[in-house]
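Chain naming here is simple, since letters A, B, ... match the order of the sequence lines and numbering starts at 1 in each. Excluded from the calculations below are hydrogen atoms, water molecules and symmetry mates; all remaining heavy atoms, backbone and side chain alike, are included.
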Number of protein chains: 2
Amino acid sequence: MTTKAVELAKAKVKLTPRRASCAAQDCHACEIRDLTFCAGLDESEIATLSGIALRMHFAKRRVIFHEGDAADMVYNVTQGAVRLCKLTPDGRRQITGFLLPGDFLGLGGRQGYAYGAEAITDVELCRFRRDKLEKLFENHRQLERRLFKIANDELAIAQDQMLLLGRKTAKERLATFLLNLSEREELRGGQGGVVYLPMVQEDIADYLGLTIETVSRTISQLKRDRLIHQTTSHEFELPRIEELRHLAEQT
Amino acid sequence: MTTKAVELAKAKVKLTPRRASCAAQDCHACEIRDLTFCAGLDESEIATLSGIALRMHFAKRRVIFHEGDAADMVYNVTQGAVRLCKLTPDGRRQITGFLLPGDFLGLGGRQGYAYGAEAITDVELCRFRRDKLEKLFENHRQLERRLFKIANDELAIAQDQMLLLGRKTAKERLATFLLNLSEREELRGGQGGVVYLPMVQEDIADYLGLTIETVSRTISQLKRDRLIHQTTSHEFELPRIEELRHLAEQT
DNA sequence: ATCGGTCGATGATCTGAATCAAGGCCGGTG
DNA sequence: CACCGGCCTTGATTCAGATCATCGACCGAT
């Protein structure tokens, strides 16, 4: 880590302080009602959940919470994209995840949150006080079981990411990343083979354990190899998805 | 990845096939009763748990389960050390965790286990059928909550490991690793500043995303710097733990 | 005691990705 | 519409760690 790099890295922490608008939530009308942990609840459960949910808006670049903050809230992303960041004291950053509509936010803390959360785009969130949610579990065990399942899924995803960070080449990392986004897009009802990248290349670099230059070069190379095709500034097509999958060395 | 490396890597998969001895379990007499998810249960709960627990033994190098196996069992490690492995098709390996007495095994699968588990030393395990354990949850919510907490802890640990793999230098990785083991040793009632390493350097390399040569060289360097001191073939002292902590860039 | 295998240490060399450096593109703004 | 700043691209060079190659210590089996 050079001096210059440290300066640049410190500059990463120039986000707008936390601030957000709020409103009561109507879960019945929620756009992601079928996607996340509230999926498949019966009417009464939805109504109860609605009672403790608070709808929030965060503008692009706003901090939702910091690493180490008391972890007394959990969230559901209903619109936009969020990044989860960890920082070393000297400013190196690791992004441990990107959240998209339907994703759950706030698990994985012991004392405080294990990571900070920042809005990549304008973001709509549905917020729950953790203690109220846990109270709800007493009569709605289904909800608790679902949350446990989400924690399990995240754990499996984290393990995959460790394999990527520990053992994959830059090209394999990019291929894996694009395929993962494509799969999530499909789960959310989008078409396969098209991915939308709301984040900038610096975010991708910090997620994949690379530098922006390597990300840019590798994307250029994948384009030259016709494995990906950029349609707009934030959208890519994956025309030869099987080859990409092979490149990613999917275990 | 060179051809030679692939050959070597494939050789990693020369473990003895799964086989183990079993016996009924008496949780009252368990040596780690205060350490793990059964800690602090009342007599009746311990008795119930005892009823569905099966004590197992795995010899050194034996496979406990493979990545992708149906995840219908969970375990508690009571003696010995276990490694969790993920492999790429061409044989590169990432170890996603080491388990020691008191640690829980088997979370983090979607369909099957997200990783394989192998005995590093001779291992004693306490095995539970997942469905029976879940049945138990209905009347023992405490147990379920504790398991959820374990999943949360593992998630936080996984995030820390991502930061390590994505952004730390070799020296920082080793320092972090040794400190983590030291902390776990203390939790298990051992003294701080002394760590026991049951695994070989190849395992450490595959856990930290390095090669065996780099691990060996870095350990040599830490010894020269008098930050660690090797007492026996598997035991180290950390005489200047604060300096080591600084080196590890603890966030 | 002798072998054979595993494990760890260390030197020499190579290389993938980082770093350093310079421009280019584009969208927003005065 | 010209300027500015954020973001991306690409070339040149460096470097941390990988790879390749030995060697020695240890240990269990014969």
Side-chain angles (χ1 to χ4, degrees), chain A residues 1-9 11-12 14-16 60-61 90-94 120-121 164-174 197-224 228 230 232-236 247, chain B residues 1-9 11-12 14-16 59-61 90-94 120-121 164-174 197-224 228 230 232-236:
Chain A
M1 204 84 200
T2 62
T3 318
K4 179 164 181 198
V6 171
E7 290 316 307
L8 279 172
K12 278 183 192 170
K14 56 160 186 189
L15 298 161
T16 336
K60 188 170 172 168
R61 277 160 198 277
D90 68 359
R92 280 171 284 173
R93 184 175 73 158
Q94 179 67 36
I120 292 177
T121 62
L164 178 147
L165 291 170
R167 291 295 178 224
K168 289 191 181 180
T169 65
K171 210 168 164 183
E172 290 166 351
R173 291 179 199 206
L174 256 303
L197 300 181
M199 67 295 285
V200 296
Q201 291 193 1
E202 186 177 22
D203 291 336
I204 299 176
D206 286 344
Y207 179 63
L208 298 178
L210 302 170
T211 59
I212 45 174
E213 292 94 334
T214 300
V215 168
S216 176
R217 274 187 252 269
T218 308
I219 289 178
S220 296
Q221 199 191 339
L222 290 173
K223 282 181 192 168
R224 269 197 304 281
I228 64 179
Q230 188 160 16
T232 74
S233 69
H234 282 287
E235 203 165 85
F236 286 79
L247 214 179
Chain B
M1 202 88 200
T2 62
T3 318
K4 177 163 182 200
V6 170
E7 290 316 308
L8 278 173
K12 279 183 192 170
K14 52 153 190 198
L15 298 161
T16 335
K60 189 169 171 168
R61 278 160 198 276
D90 68 358
R92 280 171 285 175
R93 184 174 74 156
Q94 179 67 35
I120 292 178
T121 61
L164 178 146
L165 291 170
R167 290 294 180 225
K168 289 191 181 179
T169 65
K171 210 168 164 184
E172 290 166 351
R173 291 180 198 205
L174 256 303
L197 300 181
M199 67 295 287
V200 296
Q201 293 194 359
E202 186 178 21
D203 290 336
I204 299 176
D206 285 344
Y207 179 63
L208 298 178
L210 301 169
T211 59
I212 44 174
E213 293 93 337
T214 300
V215 168
S216 176
R217 274 188 251 270
T218 307
I219 289 179
S220 296
Q221 199 191 339
L222 291 174
K223 282 182 194 167
R224 269 196 304 280
I228 64 179
Q230 188 160 14
T232 74
S233 70
H234 282 287
E235 203 164 85
F236 286 79

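To the nearest 0.5 Å, the span separating CG on A:Leu174 from CZ on A:Arg217 amounts to 13.0 Å.
Note on B:Gln201: a side-chain N or O is less than 4.0 Å away from OP1 or OP2 of C:dA9. Checking the phosphate oxygens (OP1, OP2) of C:dG8, no side-chain nitrogen or oxygen of B:Gln230 falls inside 4.0 Å. Here B:Lys171 does not reach the OP1 or OP2 of D:dA16: none of its side-chain N or O atoms lies under 4.0 Å away. Contact check, B:Ser216 against C:dT10: no side-chain N or O comes under 4.0 Å of OP1 or OP2.
Taking only side-chain atoms of B:Thr169, from C-beta outward, the nucleotide of D:dT19, D:dG17, C:dA18 with the closest atom is D:dG17. Comparing C:dT6, D:dA18, C:dG8 by their nearest atom to the side chain of B:Thr214 picks out D:dA18. If you check D:dC8, C:dA9, C:dA17 against the side chain of A:Leu210, the one that comes closest is C:dA17.
No hydrogens or angles were tested; on distance alone, nothing pairs the side chain of B:Glu202 with the base of C:dC7 as donor and acceptor under 3.5 Å. Evaluation of atom-type donor-acceptor distances gives a pair under 3.5 Å for the side chain of B:Arg217 against the base of C:dG11. The base of C:dC20 is paired with the side chain of A:Glu213 by a donor and an acceptor separated by under 3.5 Å.
The backbone N or O of A:Ile212 lies less than 3.5 Å from no partner atom in the side chain of A:Ser216, so there is not a single donor-acceptor pair.
Annotation: side chain of A:Leu247 is in contact with side chain of A:Glu172 (closest heavy-atom distance under 4.5 Å).
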